[in-house]
2 protein chains.
Amino acid sequence: MTEDRWTPPAVMLAVDLVILTLRESSLKVLLIERGVEPYEGAWALPGGFLRDAEEDLTAAARRELEEEAAMDAATLHLEHLGVYGAPGRDPRGRVVSVAYLAIAPGLPEPTAGTDAAGARWQPADQVLSGELELAFDHRRIVEDGVENARAKLEHSALATAFCAPVFTITDLQRVYEAVWGVSLDPRNFYRKVQRTSGFIVAAGPERKVTSGRPARLFKAGPRKVLYPPMIRPSEPSNTKGPEE
Amino acid sequence: MTEDRWTPPAVMLAVDLVILTLRESSLKVLLIERGVEPYEGAWALPGGFLRDAEEDLTAAARRELEEEAAMDAATLHLEHLGVYGAPGRDPRGRVVSVAYLAIAPGLPEPTAGTDAAGARWQPADQVLSGELELAFDHRRIVEDGVENARAKLEHSALATAFCAPVFTITDLQRVYEAVWGVSLDPRNFYRKVQRTSGFIVAAGPERKVTSGRPARLFKAGPRKVLYPPMIRPSEPSNTKGPEE
DNA sequence: GAAATAGTGTCTTTTAGACAATATATG
DNA sequence: CATATATTGTCTAAAAGACACTATTTC
């Protein structure tokens, strides 16, 4: 408990968004070119300060999603990611940032015309590898966001959030392959997904054509928790797993 | 990005702790009887405001752990849990609370003598069921903390954080049983844990006696991620899983 | 028909889960 | 020896993973 007559310090609260999507079969993150100091001209996550002292945090996240990314927050998967509040992370003073993770289906490039001019889908690899440097501690936030998404693909139906309302099983497989950075056997994937009842459900007799046999169409099912889980390859039976 | 010449609203930042442990084979959470308004006399999570505008968030969590729970933060598992910032959750104004989850091995009751007078280990069930009402939105935070712990037992070595530095496989099984609220087959559990190399490692030829055959002693191994994961029973092949 | 993608069948290996049997202590 | 707990062995069912094969489209 805290002492009487003492006033707690005030801090500035910001909201940052890690918005992931799949474009050209690779994982992208939405970045914005900063127009003001600090880090003017650098790439950064969309986000900003709380508008007023009454604004709810998730409301602020949704507002930024619409203002900075020109996306409809109602249709996107949006969840809490973490808090980044190390002193000194922002030269303007004590800024604590609450990060949210959003997953979007493949959308057109959000270039000119919208509020999101200067926004660009950048390959997540380039951020993770450090090839593309970000403002503040945003690279770390992206790392956490991507790892969060990777983990959730295993046990939840999050993968469907990367897909259009109606999709094929191959579309879904591309999500797993891109986010995990692996390649999966289409035949085993097909059956695994179908056997997990409630994960995806048939969406009419419609089909989709490109060159081969038309694929059945599906939409996200009611099941949110996958059991048994989808299995991420590459850790067959190693002695020491990655650190937590 | 934010406009020029506009000052973001300031909020008060608090840190709250969900400290879980195992006592008498049941899951307990550390609660404190509030000595000041608001909610004077009610049970609440240990926690408090940031000390000053320079204090790091995790440092604040560690400080509260020592001040309010009289525990050594260096030896405990401590991780971010979530942010609770709904307007109106605290009658004193806009308070945003960053919650941390701590896991402690079974410790003596933290009663008189320490700074933590008024602190008590309460059964987690009683909080989750609503039998014991908590101040603010702390019941919700406990719910999230317990669910987080339950999930992490599956895929990480978190269970060892509930144990003393040296423990038996049966001790570890009690952790799973208490946190998950299930009962497990000791023989299958035994082999499952042993097969997951790096999860636990032998700790000398010492033994421990009570009435039956003495058990081998183990300590936490280097492996933090469990693969294959421990499996939480009760969702055998149901059509619809629990919501996320 | 050739090429491409979708979907099915089948076999092997691994793992989960049930449970008998054995081992080593105490009283 | 009775009792209690620890540890090992064995069997069965389910699921993962490899991969041959069939189906349906476009060119």
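Remember, it's a predicted structure, so these values are computed and weren't measured experimentally. Heavy-atom basis, side chains included; hydrogens, waters and symmetry copies ignored. So you know, we letter chains A, B, ... as the sequences are listed, proteins then strands, and number each from 1.
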(message) Counting the atoms with a prime plus P, OP1 and OP2 as sugar-phosphate, which does A:Thr170 contact under 4.0 Å by heavy atoms, base, sugar-phosphate, or nothing?
(response) sugar-phosphate
(message) How many whole angstroms separate atom CZ of A:Phe189 from atom P of D:dA15?
(response) 17 Å
(request) Could you please name the option among C:dA18, D:dA18, C:dA6 that lies closest to any side-chain atom of B:Arg191? (result) C:dA18
(message) By the 4.0 Å heavy-atom rule, please label A:Ile169 as base, sugar-phosphate, or nothing.
(response) nothing
(request) Take the protein atom CZ of A:Phe167 and the nucleotide atom C1' of C:dT5, then report the distance between them rounded to whole Å. (result) 18 Å
(message) Tell me if the aromatic rings of B:Phe189 and B:Tyr176 count as close, with their centers under 6.0 Å from one another.
(response) yes
(request) May I ask you to evaluate whether A:Lys192 reaches the phosphate of D:dA15, defined as a side-chain N or O under 4.0 Å from OP1 or OP2? (result) no
(request) Would you mind reading off the distance between B:Leu217 atom CG and D:dA6 atom C1', rounded to a whole angstrom? (result) 12 Å
(request) Determine whether A:Glu68 and A:Leu17 make a side-chain contact, defined as any pair of heavy atoms from C-beta on separated by less than 4.5 Å. (result) no
(message) Quick check for you: among D:dA4, C:dA25, C:dA16, whose closest atom lies nearest to any side-chain atom of B:Ser211?
(response) D:dA4
(message) Base, sugar-phosphate or nothing for B:Arg187? Non-hydrogen atoms, less than 4.0 Å.
(response) base
(message) Side chain of B:Asn188 only, heavy atoms from C-beta on: which candidate in C:dG17, D:dA6, D:dG17 is closest?
(response) C:dG17
(request) With the side chain of B:Pro214 defined as its heavy atoms from C-beta on, choose the nearest nucleotide among D:dT24, D:dA6, C:dT24. (result) C:dT24
(message) Output the rounded distance in Å from CZ (B:Arg213) to P (C:dA21).
(response) 18 Å
(request) Could you check how far CG of A:Asp185 sits from P of C:dT10, rounded to whole Å? (result) 17 Å
(message) Distance check needed: C:dA23 P versus B:Arg207 CZ, whole Å only.
(response) 14 Å
(request) Indicate the atoms forming the closest heavy-atom contact of A:Ala104 with A:Ile19, along with that distance. (result) CB-CG2, 4.5 Å
(message) I want to check one thing: is the phosphate of C:dT8, taken as OP1 and OP2, less than 4.0 Å away from some side-chain N or O of A:Arg216?
(response) yes
(request) For the side chain of B:Pro228, starting at C-beta, report the closest nucleotide among D:dT8, C:dA16, C:dT8. (result) C:dA16
(request) Compare the minimum distances between each of C:dA16, C:dA25, D:dG17 and the side chain of B:Arg195, then state the nucleotide with the smallest one. (result) C:dA16
(request) Specify the separation, in whole Å, of atom CD1 of A:Ile231 and atom P of D:dA14. (result) 17 Å
(message) I want to check something: taking the side chain as every heavy atom from C-beta on, are B:Arg63 and B:Glu66 in contact at a cut-off of under 4.5 Å?
(response) no
(request) Let me know, please, whether A:Gly212 or B:Tyr190 comes out on the 5' side of the other along DNA chain D by nearest nucleotide. (result) B:Tyr190
(request) Grab the two heavy atoms, one from A:Val201 and one from A:Ala220, that are nearest each other, plus how far apart they are. (result) CG2-O, 4.1 Å
(message) Measure CG/A:Leu184 against C1'/D:dC19 and give the value in whole Å, please.
(response) 16 Å
